[in-house]
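Note that the structure is predicted; figures quoted are calculated from it, not measured.
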Amino acid sequence: MNYKLIRKYAHTLATLGMNVQKGQDVMIEACIENHEFAKILLEECYKVGANKVSIVYLDLELSKIESKYLKEEDISSIKGWERKQYEEILTPNCCTIRLESENPKLLEDVNDSYSHAIFAHVDNLRNIMRGHVRNTHKQWCIAIVPTQAWAEVVLPDVSKEKALEEFWNVLFKLCLIDEESDPIENWNNKLSKKAEIANKIDDLELVDLHFTSSNGTDLHVGLTSRSRFGYRGPLPKNYIRNMANFPTEEICTTPHKYKINGKVCTTKPLALGGKVIPYFELTFKDGKVIDIKADECYDLLKKTIETDEGSCYLGEVALVAYHSPISMSGLVYYTTLIDENASCHLALGRALGDSSYIDEEGVKCFNDSSIHIDFMVGAKDTNIVGTTKDGRKVQIFKDGDFAL
């Protein structure tokens, strides 16, 4: 294991991912399996001047045991002491990071209802963090940490003895971490190129994106005048630049809640509620999911889509070139954070933009929900044609890649 690069990765998360400021509090959420890396990150946060760094651990194996003995509602509900713990850690000056790890096989023998309850509990805890970020506008970040069980699933052809080390090596490459170069400089260059593409798209003033692929996807995604892929203009007061998803390849925005029509077919497995859904299809009418097809984990997917009033609508559309580094790695990572950056994707649930936004027609058109579930829809032959405000058709994607 290259512990020098592991520490460099932790330092990059502290300085670029969260961009921890001197005197700032930090909350680290980590799976219990990540405890060694969490302590390394804690130290790196202190080195750059953090005030108080707190770690909250999640233990899904414990939740799996509980699923044998407790009711679904007891598993999904947040206890008062859990809420109090999060709220006391999340001071007004606190930034946050979530260290993501997956064990795709952990809950495969748990029924869909209980898997959904476990997922709901974790997601409701994270909603406390998300609410804090929305209210305080402090930095947040999500990053992955390899584990042995996860590495064996992602790299089935590598020996168990070498799988974890090889997974770390893959992660370093995706995160632009190496022995010689400065990862912050590497990412600044990459993000500048992404911003150029985003601004080109915004200049077109699109009102619709039409996705088609040979797998059956034929979907119209409506946009609003606030559906911006890039950002221009003065930054908000006290804005601290950071990198929320690490790594990232996407260019994304919020679609119109009620202007999604057609069918979309997934192109990568979705890790959800401790299970893996290999493939599914969704049909939308006037923004709402009206039909679900899935050979596996149908009940889990259906329960997720029926979580609340907004969970059956979209909150995000994201563009990712097929020939991006994550896609070209040829691996399925079984975590949305990485897999979504290998493919164009959509997200059910909460909008990226302000859900209180009302458009020119007087419609509250940005979705709101307690969930935000990204799923991958981009393929090698995906084409996207945009319609501009004045009715012109513009090729945005051709054969899986940007055509601009």
Does atom [atom1] ([X]) have a neighbourhood of more than 12 heavy atoms from anything else shown, all under 6.0 Å?
| X | atom1 | answer |
| --- | --- | --- |
| E73 | CD | yes |
| K47 | NZ | yes |
| K64 | NZ | yes |
| E179 | CD | yes |
| D109 | CG | yes |
| K193 | NZ | no |

When you compare the side chains of [X] and [Y], does any donor N or O come within less than 3.5 Å of an acceptor on the partner?
| X | Y | answer |
| --- | --- | --- |
| S311 | S369 | no |
| D218 | H210 | yes |
| D401 | H323 | yes |
| D178 | S181 | yes |
| Q21 | N19 | yes |
| Q24 | Q139 | yes |
| D308 | S370 | yes |
| T91 | N93 | no |
| Y357 | S225 | yes |
| T96 | K138 | no |
| H132 | E87 | no |

Main chain of [Y], side chain of [X]: is a donor-acceptor contact present, judged purely on distance under 3.5 Å?
| X | Y | value |
| --- | --- | --- |
| N135 | G131 | yes |
| T382 | G378 | no |
| H372 | R350 | yes |
| N383 | D399 | yes |
| N2 | L5 | yes |
| T254 | F366 | no |
| D202 | G230 | yes |
| D339 | Y333 | yes |
| T217 | S213 | no |
| T224 | S227 | yes |

Taking the ring centre of each residue, are [X] and [Y] less than 6.0 Å apart?
| X | Y | result |
| --- | --- | --- |
| F246 | W187 | yes |
| F397 | F211 | no |
| W150 | F167 | yes |
| F280 | F375 | yes |

Working to the nearest 0.5 angstrom, can you tell me the gap between [X] [atom1] and [Y] [atom2]?
| X | Y | atom1 | atom2 | value |
| --- | --- | --- | --- | --- |
| L209 | L223 | CG | CG | 4.5 Å |
| C141 | L13 | SG | CG | 5.5 Å |
| I144 | N245 | CD1 | CG | 12.0 Å |
| K293 | Y279 | NZ | OH | 9.0 Å |
| L404 | E196 | CG | CD | 12.0 Å |

Lys/Arg N to Asp/Glu carboxylate O, [X] vs [Y], below 4.0 Å:
| X | Y | value |
| --- | --- | --- |
| D291 | K263 | no |
| D123 | R130 | yes |
| E250 | K194 | no |
| E43 | R7 | yes |
| K257 | E309 | yes |
| E249 | K190 | yes |

Closest heavy-atom pair and its distance - S67, I75: CA-CD1, 3.4 Å
Smallest separation among heavy atoms of L319 and I201, with atom names: CD1-CD1, 3.8 Å
Side chain to side chain donor-acceptor pair (under 3.5 Å) evaluation trace for S355 with K364: CA-CA 7 Å; S355 61; K364 195 174 180 181; 5.6 Å; no
Minimum side-chain heavy-atom gap L348-L282 below 4.5 Å: yes
